[in-house]
Amino acid sequence: MFENLTARFEKVFRFLKGQGKLTEANIKEALREVRLALLEADVNYRVVKDFVSRIQERAVGQEVMSSLTPGQQVIKIVHEELIKLLGEKAEPLSLKGPSPVTVLLVGLQGSGKTTTAAKLALKLKKDGRHPCLVPADVYRPAAIEQLRVLAGQVGVPCYEPGQGESPESIVKAALNYAGSQRCDTLIVDTAGRLHIDRDLMEELRRLKQILSPEEILLVVDAMTGQDAVNVAEAFHKELSITGVILTKLDGDARGGAALSVRAVTGCPIKFVGVGEKLDALEIFHPDRMSSRILG
Ligand code: GDP
């Protein structure tokens, strides 16, 4: 997904390495390229501005200018700043607290919530936990069926809502169901809308109150670029999310969402979805992502 960005960075790095001595003008020229590359990758403009000015500040400093390999020094600074932007280190899920621990998945329709719920169940099962899936998206009956089928594939229990049961009633019943199934973790799939709306947020707030989730993870589609960041900001404001799962990173998105979401919301990216298969969910590692981007 980062092909264009990687190619642009490679060009800038070649230029930097090619200069025997770096002048402030050289650095400015290189950073202009970095800025353009990031904007073209759909990175949030505020994030780009801060990122570039941080590099500039460090790059024109004594330590670089007097170094024998100033180009390499600047490249090192870009690496370091990119890792910082992405969140420094992997942030594991917090699954502390009395059983069942709840993970609430929220996000817009089509972002990949239902698929991600099942992927997460598989991951936790492999880690030796006993997750249980809970379909609380009552507006899209197909979503309940979809989660039931996926639960069967993963081999974990799935709460079966009654006819016309409300999301609030589903999650309350699911807490008891988890006990009867000896499950230690509830993964709750919630309804999404095409756009953020009041009703959706109100409903999610009620579910949050009933469940006191240990994690509220926002599932966002990386392909939606800047929009993904706006969605993340809005959900965070309303629900105080604890992390983000970026899906469809295997697609041809330009990468902007991956690079901006942490900086804009302050929330860590915990996982990335890299395919439709159930094992296509990876822990997000800022340093590995940075190396992938910079080539
Ligand atoms: P929901 O409406 O948020 O529950 O979204 P779904 O879970 O139904 O997913 C919508 C579509 O996105 C489905 O076709 C999924 O297979 C697909 N999808 C979800 N995550 C990923 C991913 O990481 N990569 C790819 N390529 N497709 C994904």
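Note that ligands are numbered from 1 as they come in the structure, with each ligand's atoms numbered from 1 the same way. In this text the structure is predicted, and so the values were computed from the model without any measurement. Count residues from 1 along the sequence.
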- Task: Using a strict 4.0 Å cut-off to heavy atoms of Leu108, name the atoms of ligand 1 that fall inside it.
- Result: 3 (O)
- Task: Could you check if a side-chain atom of Thr190 sits within less than 4.5 angstrom of a side-chain atom of Pro167, using non-hydrogen atoms only?
- Result: no
- Listed once per pair and sorted, the ring-ring contact (aromatic ring centres under 6.0 Å, His included) pairs that draw on residues 137-173, sequence neighbours left out: Tyr159-Tyr177
- In this structure, atom 16 (O) of ligand 1 is nearest to the protein heavy atom Glu276 OE1, 2.7 Å
- Taking the side chain as every heavy atom from C-beta outward, state whether Val220 and Ser111 have any pair of such atoms under 4.5 Å apart. no
- atom 24 (N) of ligand 1: nearest protein contact (heavy atom, Å): Asp250 OD1, 2.8 Å
- Work out whether the distance between some heavy atom of Gly110 and some atom of ligand 1 is less than 4.0 Å. yes
- Before signing off on this row, confirm whether Thr114 and ligand 1 have an N or O atom pair separated by under 3.5 Å. yes
- Is the shortest distance from a heavy atom of Ala280 to ligand 1 less than 4.0 Å? no
- Message: Please compare Val274, Thr115, Leu105 and report which has the shortest non-hydrogen distance to atom 6 (P) of ligand 1.
- Response: Thr115
- If you measure from the Lys or Arg side-chain nitrogens to the Asp or Glu carboxylate oxygens, is any gap between Arg14 and Glu10 under 4.0 Å? no
- ILVMFWY cluster membership beyond Leu95 - transitive side-chain contacts under 4.5 angstrom: Leu93, Val101, Val103, Leu105, Leu120, Leu122, Leu124, Leu133, Leu147, Leu150, Val154, Val156, Ile187, Leu217, Val219, Ile245, Phe271, Leu278, Leu281, Ile283
- Ignoring hydrogens, just give me the one of Gly112, Gly273, Gly275 whose non-hydrogen atom is nearest atom 21 (C) of ligand 1. Gly275
